[in-house]
Protein chains: 2
Amino acid sequence: MQIQSAARAQKYENAVPSLLSENVESEVKLIGIARTFTKDQEIFGEGEAADFVYKVVTGAVRSFRILADGRRQIGDFYLPGDVFGMELGQQRRSAAEAVGDAVVIVARRATLTADPDNADRLWRHALRELQRSQDHVLTVGRRSATERVARFLLDLNERRGAGVMLELPMSRQDIADFLGLTIETVSRTLTQMQLDDLIEVSGCRHVRLTRRAALAELCE
Amino acid sequence: MQIQSAARAQKYENAVPSLLSENVESEVKLIGIARTFTKDQEIFGEGEAADFVYKVVTGAVRSFRILADGRRQIGDFYLPGDVFGMELGQQRRSAAEAVGDAVVIVARRATLTADPDNADRLWRHALRELQRSQDHVLTVGRRSATERVARFLLDLNERRGAGVMLELPMSRQDIADFLGLTIETVSRTLTQMQLDDLIEVSGCRHVRLTRRAALAELCE
DNA sequence: CGGGCGGTTGAGGTCAATCAATCAGAGTGG
DNA sequence: CCACTCTGATTGATTGACCTCAACCGCCCG
């Protein structure tokens, strides 16, 4: 890892609180170094030592695993305020990359777990990630392509706070690898949603959820 | 929940240690009441209060969620030694049922989290569940039916310790709903594996992994 | 022996994948 | 400013893996 090269960066203390502020009490306070990653830059790789924990300040991060033949599954996207990179063991079980340019706070894992107060927050955070992962299993295991895409858009919309306008930080390929689909299927599904007046797409990175309720009905 | 009705049951202290004894240090010590559930009996339902944590003594347990139209996704199976039922919030986000007859230790969640020592173990346990869930996302999102079934058999085989002989506590429907397949596909896949001399099936609940290495190659 | 449940097998259909071509937008250089 | 390229997205045609529907089997139990 190239953490050392971030020595020049300034210090942050919980610079950007999560947008989901109902959960303030379980907010992880990361004290560490801010580091900037460029688009597609590796934050950590599978199998590396898991000595650091991260928190997104700006941009987005994807965690993923790749099979020998190249198939990729994105476990989750992390948005500003999200913590990622906590592991049970000493090794990374998945890799992480910046989706676009991203600023991330880096903290020593040992420092965090030493403070029991922070340890408790990390624990709650792990359970929240578990929830998301379990939701994702249901989505990928039992939902149709349309339902998966609808769910993805609504989830992103909720997490970004915000109104009906939605900016997608990630490519179609990223979305496909997140939802267990192909890029073509994602594309087709989005155009179909446009034809059904569920969304408006402008420039492939901007989606307007014109009929959010109808979209929600698609995936119960 | 029908926990109260278990008052007659005797007390256990960590009656059955996990078979995966490399992780002894993170072993959750549950002190609680042993309760017997019969086949398909509900242990807890979605939306109920999450006041208890459980540990399997004998038998097997499935946790699952069901969509409005009946599609079911099994999140995981819990085998003797496994802890389940820990939640972030106050409500159950999934249901749990006994796969066959099962004995389970029931402990008050509040009691467990009060002891910081136990809290730490629970935390590690949550991360282990997270690992399993993330593995499952990869399996269900990106692997073929054959790869999924192979993975399921090998995983079960590892967890039960044991040699090449494997007893399946769950039905084909359970396996299908776990792997995101249909019962027919699971059945076909198993017979194909038999034809390929990868496994021997006797009586639909007993599988012999005759060529485990070849089976492992199927899913990398 | 018969009935029932769970599992297997078969035939046909469907949804998403694959293969392939085209298109749109962002840079790049002349 | 306009070709040119390159990358990512869209669209179309076809294939294929898995699902659906349906029949059958086999084991268990009365």
Side-chain angles (χ1 to χ4, degrees), chain A residues 38-40 62 67 69-74 97 99-101 139-153 167-196 199-207 218-219, chain B residues 38-40 62 67 69-73 99-101 139-153 167-196 199-207 218-219:
Chain A
T38 59
K39 183 170 149 61
D40 297 328
R62 59 177 170 256
L67 299 178
D69 61 359
R71 283 174 289 179
R72 181 179 72 157
Q73 177 67 47
I74 292 183
E97 291 174 350
V99 170
D101 291 355
T139 296
V140 164
R142 283 293 176 222
R143 290 193 214 263
S144 71
T146 309
E147 292 169 329
R148 294 185 208 189
V149 173
R151 206 128 225 293
F152 171 74
L153 292 176
E167 197 205 328
L168 306 177
M170 67 291 286
S171 70
R172 295 289 187 273
Q173 186 65 64
D174 283 335
I175 299 174
D177 288 348
F178 177 65
L179 296 177
L181 300 170
T182 60
I183 185 174
E184 294 95 332
T185 300
V186 171
S187 186
R188 278 185 245 274
T189 304
L190 286 173
T191 46
Q192 188 56 52
M193 284 176 170
Q194 263 184 293
L195 296 174
D196 297 345
I199 60 174
E200 282 168 26
V201 179
S202 39
C204 96
R205 289 295 173 118
H206 290 270
V207 179
L218 276 185
C219 45
Chain B
T38 58
K39 181 169 153 60
D40 297 327
R62 60 177 170 254
L67 298 179
D69 61 359
R71 284 174 288 179
R72 182 179 71 158
Q73 177 67 49
V99 170
D101 291 353
T139 297
V140 164
R142 284 295 178 219
R143 290 193 216 262
S144 71
T146 309
E147 291 170 330
R148 293 184 208 188
V149 173
R151 207 126 223 294
F152 170 74
L153 292 175
E167 197 204 330
L168 306 177
M170 67 291 287
S171 70
R172 294 290 186 271
Q173 187 64 64
D174 283 335
I175 300 174
D177 287 347
F178 177 66
L179 297 177
L181 300 170
T182 59
I183 185 174
E184 294 95 331
T185 300
V186 171
S187 185
R188 278 185 246 274
T189 304
L190 286 173
T191 44
Q192 188 56 50
M193 283 177 172
Q194 263 184 292
L195 295 175
D196 297 344
I199 60 174
E200 283 169 26
V201 179
S202 38
C204 96
R205 288 292 173 120
H206 290 271
V207 179
L218 276 186
C219 46

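In what follows, chains carry the letters A, B, and so on, assigned in the order in which the sequence lines appear, proteins first and then strands, with residues in each chain numbered from 1. On a predicted model such as this, the values are computed, not experimentally measured, just so you know.
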* Looking at every strand, decide which applies to B/Ser171 at a 4.0 Å heavy-atom threshold: base, sugar-phosphate, or nothing. => sugar-phosphate
* To do: Would you classify B/Leu181 as touching base, sugar-phosphate or nothing, given that sugar-phosphate means primed atoms plus P, OP1 and OP2, and contacts are heavy atoms under 4.0 Å?
  => sugar-phosphate
Of the candidate nucleotides [options], which contains the atom at the shortest distance from the side chain of [X]?
| X | options | result |
| --- | --- | --- |
| B/Thr182 | D/dT10, D/dC19, C/dG7 | D/dC19 |
| A/Cys204 | C/dA17, C/dA20, D/dA9 | D/dA9 |
| B/Thr191 | C/dT9, C/dC19, D/dT20 | C/dT9 |
| A/Glu184 | C/dG7, D/dA22, C/dA20 | C/dA20 |
| B/Arg205 | C/dG10, D/dA13, C/dG7 | C/dG7 |

[X] has an atom [atom1]; how far is it from atom [atom2] of [N], in whole Å?
| X | N | atom1 | atom2 | value |
| --- | --- | --- | --- | --- |
| B/Asp174 | C/dG6 | CG | P | 11 Å |
| A/Gln192 | D/dG12 | CD | C1' | 15 Å |
| A/Ile183 | C/dA17 | CD1 | C1' | 13 Å |
| A/Asp40 | D/dG8 | CG | P | 8 Å |
| B/Asp69 | D/dT20 | CG | P | 10 Å |
| A/Leu168 | D/dA9 | CG | P | 10 Å |
| A/Arg72 | C/dA17 | CZ | P | 15 Å |
| B/Arg143 | D/dA17 | CZ | C1' | 17 Å |

Ignoring hydrogens and angles, tell me if any N or O in the side chain of [X] forms a donor-acceptor pair with the backbone of [Y] under 3.5 Å.
| X | Y | answer |
| --- | --- | --- |
| B/Arg143 | B/Arg148 | no |
| B/Arg71 | A/Arg142 | yes |
| A/Ser187 | A/Ile183 | no |

Check whether any side-chain nitrogen or oxygen of [X] sits under 4.0 Å from OP1 or OP2 of [N], and answer yes or no.
| X | N | value |
| --- | --- | --- |
| A/Arg188 | C/dA16 | no |
| B/Ser187 | C/dT8 | yes |
| B/Thr185 | D/dC19 | yes |

* **5'-most by nearest nucleotide on DNA chain D - A/Arg142 or A/Val186** => A/Val186
* Is there a side-chain contact between A/Leu153 and A/Leu168 (heavy atoms, below 4.5 Å)? -> yes
* Applying side-chain contact (heavy atoms from CB on, under 4.5 Å), run through A/Leu218 and A/Met193 and close with a yes or a no. => CA-CA 11 Å; A/Leu218 276 185; A/Met193 284 176 170; 4.2 Å; yes
* To do: Let me know, please, whether A/Arg148 or A/Gly203 comes out on the 5' side of the other along DNA chain C by nearest nucleotide.
  => A/Arg148
